[in-house]
Protein chains: 2
Amino acid sequence: MDLSERKLKILQAIVSDFITTSEPVGSRTLSKRPDIDLSPATIRNEMSDLEEMGYLTHPHTSAGRVPSDKAYRLYVDQLMKSDDIPAENKKEIVERLGSDAQELDETVEHAAKLLSEMTNLVSFAITPNRSESKINYINFLPVDESTVVLMIVCEDGKVTNSAIKMNAPYTEDNLTLMSKVMTHNFKGKAVSTLLTENIAQTFETDMKSLQSLSGSVVPSFMKTLEKMLNVDLYMDGYSNIFRLPEYNDVAKAKNFLETVTNKDEFTNVLVNRDKGLMITIGDENSEDLKDCALITADYKVNGKLVGRLGVIGPKRMKYGEVTSVIKYITDNLSKTFEIEAPKEDADNNE
Amino acid sequence: MDLSERKLKILQAIVSDFITTSEPVGSRTLSKRPDIDLSPATIRNEMSDLEEMGYLTHPHTSAGRVPSDKAYRLYVDQLMKSDDIPAENKKEIVERLGSDAQELDETVEHAAKLLSEMTNLVSFAITPNRSESKINYINFLPVDESTVVLMIVCEDGKVTNSAIKMNAPYTEDNLTLMSKVMTHNFKGKAVSTLLTENIAQTFETDMKSLQSLSGSVVPSFMKTLEKMLNVDLYMDGYSNIFRLPEYNDVAKAKNFLETVTNKDEFTNVLVNRDKGLMITIGDENSEDLKDCALITADYKVNGKLVGRLGVIGPKRMKYGEVTSVIKYITDNLSKTFEIEAPKEDADNNE
DNA sequence: TGTTAGCACTCGGTGCGCAAGAGTGCTAAC
DNA sequence: GTTAGCACTCTTGCGCACCGAGTGCTAACA
């Protein structure tokens with residue numbers, strides 16, 4: 001049995017109906033739709049077929065039909081139409097993500113917020129991974145007699161710094177020398193490359209006189225490099241889930257919030273997804289998220305670095321609307337970060 | 001009518017019973033307690049008095065008594081005993097907040113996490129306010145032909161940096177001069193003082209030749225100063241609220257999460273609280289939080305700067321246990337940040 | 001042969017009444 | 001001042017009947 005035109009039409013009607021109402025869809029309801037001109041009985045026959053084919057299920061005998069994961073997949077791939085974004089939303093996105101002197105972190109956080117507001121879902125965004133960013137220069141700066149700040153500037157303008165507790169006394173000249181030698185040795189290399197390099201070696205060959213500082217500096221340096229690889233995760237709209245009937249059950253809400261607030265694991269999920277506009281539904285996700293749908297898309301920074309942004313919610317999601325908004329936001333982010341090239345900001349050290 | 005010894009004892013029993021069970025406490029239950037040797041009838045009379053005095057309420061005629069906000073206040077002030085922390089928890093706190101080369105931000109975030117784990121409540125922590133931190137030096141660093149990184153280092157080791165988009169061409173010498181002049185002019189001044197100062201003036205009097213850069217630099221400089229005043233808020237344990245019967249009602253859970261995830265407002269609440277170990281209960285809080293209790297305590301950085309950490313939960317809270325844990329954690333934080341003085345870290349700029 | 005009307009059947013949800021249980025307040029006795 | 005006893009109140013849980021939505025099947029229709 002294959003999917004006739006009519007079956008597709010019915011399936012589409014069921015999915016989109018269920019998406020808006022979250023109630024199992026019955027044959028009578030369907031037959032009342034203007035775009036479907038069939039009697040309930042005919043529809044029942046078709047639905048029965050669709051169920052046999054794995055597109056629909058039945059919560060219990062006397063309930064209507066509910067789409068299966070397979071149906072959502074089909075819907076997303078073939079049946080849904082991507083919706084237009086209301087002009088005022090477009091305007092708001094453009095305005096609020098505009099290029100006006102914002103920092104990358106801030107803008108990305110903002111984008112996540114905007115996204116959750118416009119979709120009424122839980123949104124998230126991660127900042128780009130810097131593993132392939134190249135070092136521009138390295139600087140050691142004095143703070144007090146036992147503390148030095150290490151600052152690493154990437155070619156893309158990203159500045160990372162951290163404090164180093166010195167176990168041996170140092171002079172400003174020492175710091176200048178270290179800065180020079182390390183910049184000379186490492187400039188132009190990618191962070192990921194540097195991580196595999198033997199930094200201590202540099203002290204032995206090029207800064208023999210500063211061997212005493214190597215013990216304090218090298219571990220901190222490595223740690224800072226690792227820190228540069230961290231992607232930040234922003235989330236927003238947690239409380240939106242309470243609008244959804246599927247989370248009226250407190251236990252479900254709890255599970256959802258637990259998996260989603262587990263920053264490390266969730267970041268992992270996001271980082272490891274495929275590139276581009278990705279929609280994963282139900283069992284296409286990991287066990288924890290098997291009742292959810294995730295939509296993500298990428299934004300670019302400087303046309304190269306890639307960050308990611310999206311939403312998570314029930315499978316019953318307005319895929320058309322949501323994907324449109326996500327795409328619009330990521331496109332705008334890319335535009336913002338393209339013109340204003342180096343726009344992120346360093347934070348705080350102590 | 002005043003509070004006899006016996007009334008206090010009964011009140012204490014009611015409060016602590018209600019805190020553990022969350023069920024209204026009846027006279028019979030109370031009379032069974034080994035520490036109360038009175039008949040249910042006697043207890044009923046006392047309870048009736050206590051109700052008249054405003055310490056107890058009645059959900060309905062045939063239910064037991066529930067403590068009022070006034071009762072919680074009395075309990076916290078006079079009746080509760082502060083509990084010991086299990087040795088293993090102490091050990092864990094010491095280990096996980098230990099001085100081992102962590103950044104301030106990270107450690108504070110960690111502390112919040114620890115706190116929520118140990119109390120099963122929603123925890124939060126804010127980083128110190130830097131308004132009185134003094135400038136150590138100011139540095140402008142080249143990134144590319146139109147981008148410069150501004151870096152401000154405080155005496156306490158805090159580094160803040162941000163990218164500046166230059167509207168006019170610059171040379172490295174320009175940057176060096178700016179760095180020197182501004183450091184000379186502003187070193188030792190507090191951030192809050194600097195915010196009121198006319199920076200543009202500095203260009204006119206001391207860097208006439210660099211007037212063309214002033215337009216790009218001054219606004220960014222001011223923005224960066226403002227950024228230095230931001231306190232970061234970390235929260236953890238959102239999903240803990242689902243363990244509490246008071247949030248079995250989805251609407252209540254929603255309200256709670258909404259107020260608590262409103263970062264800006266909630267940060268405000270925290271920043272504006274009184275210093276030291278603070279417990280606010282029910283209507284002592286703002287309208288939004290009138291069903292909650294907040295406990296906060298301060299930690300010190302360098303013995304001066306003050307950050308804050310605490311929990312929020314239902315008024316029915318194990319005050320003794322929770323305050324002990326909070327105090328233990330803040331004490332440990334203060335110790336960590338005292339020894340390791342400058343330990344925060346700068347983040348990223350682009 | 002495909003479509004439709006009709007009908008028996010299923011099953012979750014709602015409302016109602018009833019009994020049980022917990023707790024109170026009051027009175028009277030100790 | 002304390003306590004036992006009792007009538008009263010109110011919530012909670014349970015069983016039960018009923019309703020309605022929806023199905024599947026059969027038989028008739030075009």
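Letters A, B, ... mirror the listed sequences (proteins, then strands); counts begin at 1.
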Between D/dC10, C/dT24, D/dT23, which nucleotide has the shortest distance from any of its atoms to the side chain of B/Thr61?
D/dC10
Going by purine N1 to pyrimidine N3 plus the second Watson-Crick contact, or the G-U wobble pair, all under 3.5 Å, which nucleotide sits opposite C/dT27?
D/dA4
Tell which nucleotide pairs with C/dT1, taking only Watson-Crick or G-U wobble pairs whose two distances are both under 3.5 angstrom.
D/dA30
Counting side-chain heavy atoms from CB outward, which of C/dG6, C/dT24, C/dG12 is closest to B/Met47?
C/dT24
Report yes or no: is the cationic atom of A/Lys315 (NZ for Lys, CZ for Arg) under 6.0 Å from the centre of the six-membered ring of A/Tyr72, at an angle within 45° of the ring normal?
no
Sorted by number, residues from residues 33-41 of chain A placing a heavy atom under 4.0 Å from DNA chain C are A/Ser39, A/Ala41
State whether the side chain of B/Arg308 and the backbone N or O of B/Leu270 hold a donor-acceptor pair below 3.5 Å, judged by distance alone.
yes
Quick check on ring pair (Phe, Tyr, Trp, His ring centres under 6.0 Å): which of A/Tyr238, A/Phe242, A/Phe256 does A/Tyr247 satisfy it with?
A/Phe256
Can you tell me if A/Glu321 uses its side chain to pair, donor with acceptor, with the backbone of A/Asp83 under 3.5 Å?
no
Heavy-atom contacts under 4.0 Å between residues 63-70 of chain A and DNA chain D, which residues?
A/Ala63, A/Gly64, A/Arg65
What do you reckon, are the aromatic ring centroids of B/Phe124 and B/Phe266 less than 6.0 Å apart?
yes
For A/Ser62, which contact category applies under a 4.0 Å heavy-atom criterion: base, sugar-phosphate, or nothing?
base
Distance alone, cut at 3.5 Å: any donor-acceptor contact between the side chains of A/Asn272 and A/Asn268?
yes
B/Thr42 side-chain proximity, nearest of D/dC25, C/dG25, D/dT3:
D/dT3
Are B/Thr280 and B/Arg273 linked by a side-chain donor-acceptor pair shorter than 3.5 Å?
yes
When you compare the side chains of A/Asn45 and A/Asp49, does any donor N or O come within less than 3.5 Å of an acceptor on the partner?
no
Is there a donor and acceptor pair, one atom on the side chain of B/Arg28 and one on the base of C/dG23, closer than 3.5 Å?
no
